[in-house]
There are 2 protein chains.
Amino acid sequence: MNKNPNFIGSYFYSLDTKNRLAIPAKFRLLIPNGQTLILSQGLEGCLELYPSNSWRLLSEKLENISIKNKKDKRAFKRILFSNASEVQFDEEGRVLIPQLLIDYAALKKDAAVIGLGEKIEIWAKHLWVPYYKKQKNLFIQQASKIEL
Amino acid sequence: MNKNPNFIGSYFYSLDTKNRLAIPAKFRLLIPNGQTLILSQGLEGCLELYPSNSWRLLSEKLENISIKNKKDKRAFKRILFSNASEVQFDEEGRVLIPQLLIDYAALKKDAAVIGLGEKIEIWAKHLWVPYYKKQKNLFIQQASKIEL
DNA sequence: CGCATGGTGGGGAAAAGTGGGGAATTGTGA
DNA sequence: TCACAATTCCCCACTTTTCCCCACCATGCG
């Protein structure tokens, strides 16, 4: 049951006035009932949503990174943890997004929810669309070099 | 039930005129009812708040730590313990912070409460914000090296 | 059509953070 | 021993946020 989830696909949903965002039913089916999720800042201005297992794996990985300096290591952990937040589904399968993370990701009404295997990314649609367009060409170039 | 707590996330609360500081409800839920907490000096000018279990773990760790100089070890322990203070929640989930520790952490009205797994750190906001900004870059450099 | 499912929206109760009054406690010095 | 001041603690009150619940509507499918 607790196999690694495999989130796939993109969905365009809307954030309501109470900062709630629906998570696709297909994704919810991959998450054990009642389990909490970790919502965190991602790279390129998106948010990352992890089942708590996956986040634990990630944070252990990050913590074992070789940072020589203990002081840097403490700083690293502080940033990692302070950017994250525990969230859970309401009865309708939505998640309440903390204001801090709304601001970070510049979320307005329209949001994109992207399945990326073990994690789910959440983008402001106005950021996702140009990013997608720009990267798509790059993707095609790269793909032609790669054997699939 | 008494599993290791796992405090996650950052909250910006305010210290009132009676030196009381709210602890996030999400954190309180992880602490058995009626349990006292240990508040002590942390590194980089913050305060550390431990559930008594975590505090016990910390002091055991401290015993086994290898500091060549025994004198340094004693000194470190003295500072840590002498400034530590037992605190408990009032009816509203707040904690009274002793004047000594207020001064140590340069706490003004605005405070940041950071969940770091087994412990909670408390920062003066005016210290946390620049610290956060500065360390975030290091974090991004490290994080972008990691594949998940 | 009729029913089930999935996303959206909102009312309202409950919880959470903030502030302060005032009693109880503690400590100090006369 | 007493008086006084400072501190701590127990309440209560107010505002905002969160959460439970229901209702609506579009879609898909037998």
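In what follows, chains carry the letters A, B, and so on, assigned in the order in which the sequence lines appear, proteins first and then strands, with residues in each chain numbered from 1.
For B:Ser82, the side-chain contact (heavy atoms from CB on, under 4.5 Å) test picks out no residue, with sequence neighbours left out. Considering only residues two or more places apart in sequence or on other chains, B:Gln99 meets the side-chain contact (heavy atoms from CB on, under 4.5 Å) condition with B:Asn19, B:Ile102, B:Asp103. Shown here are the side-chain contact (heavy atoms from CB on, under 4.5 Å) partners of A:Ser59, two or more places apart in sequence or in another chain: A:Trp55, A:Leu80. Looking at residues two or more places apart in sequence or on another chain, you find a side-chain contact (heavy atoms from CB on, under 4.5 Å) between B:Lys119 and B:Glu48, B:Tyr50, B:Leu116, B:Glu121. Residues satisfying the salt bridge (charged side-chain N to carboxylate O under 4.0 Å, His left out) criterion with A:Glu91, sequence neighbours excluded, are absent altogether.
For residues 88-127 of chain A, every residue pair satisfying the ring pair (Phe, Tyr, Trp, His ring centres under 6.0 Å) rule, not counting sequence neighbours, is listed here: A:Trp123-A:Trp128, A:Trp123-A:Tyr131. Within the structure, salt bridge (charged side-chain N to carboxylate O under 4.0 Å, His left out) pairs that include any residue of residues 11-36 of chain B comprise B:Asp16-B:Arg20, B:Asp16-B:Arg94 (at least two apart or interchain). Sorted by first and then second residue, the ring pair (Phe, Tyr, Trp, His ring centres under 6.0 Å) pairs with a member in residues 22-48 of chain A read A:Phe7-A:Phe27, A:Tyr11-A:Phe27; sequence neighbours excluded.
In summary, contact between chain A and DNA chain D, defined as any nucleotide atom under 4.0 Å from a heavy atom of the protein, begins and ends at D:dT18 to D:dC22 in the 5' to 3' direction.
Dense packing is recorded around CG of A:Asn137, with more than 12 heavy atoms of other residues, nucleotides or ligands lying under 6.0 Å away.
Between the side chains of B:Lys136 and B:Gln141, not a single donor N or O lies within less than 3.5 Å of an accepting N or O.
One hydrophobic cluster, built from ILVMFWY side chains closer than 4.5 Å, holds both A:Leu49 and A:Leu30.
Using a 4.5 Å cut-off on side-chain heavy atoms (C-beta onward), A:Thr36 and A:Gln88 make contact.
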- Query: Using a cut-off of 4.0 Å between protein heavy atoms and nucleotide atoms, how would you tag nucleotides 7-22 of chain C 5' to 3' with B, S and -?
  - Reply: SBBBBB---SSBBBBB
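Each end of the helix from C:dC1-D:dG30 to C:dA30-D:dT1 yields a helix axis from five base pairs, and these two axes differ in direction by 30° (to the nearest 10 degrees).
Proximity of residues 120-127 of chain B to DNA chain D (heavy atom under 4.0 angstrom from any strand atom) is not detected for any residue.
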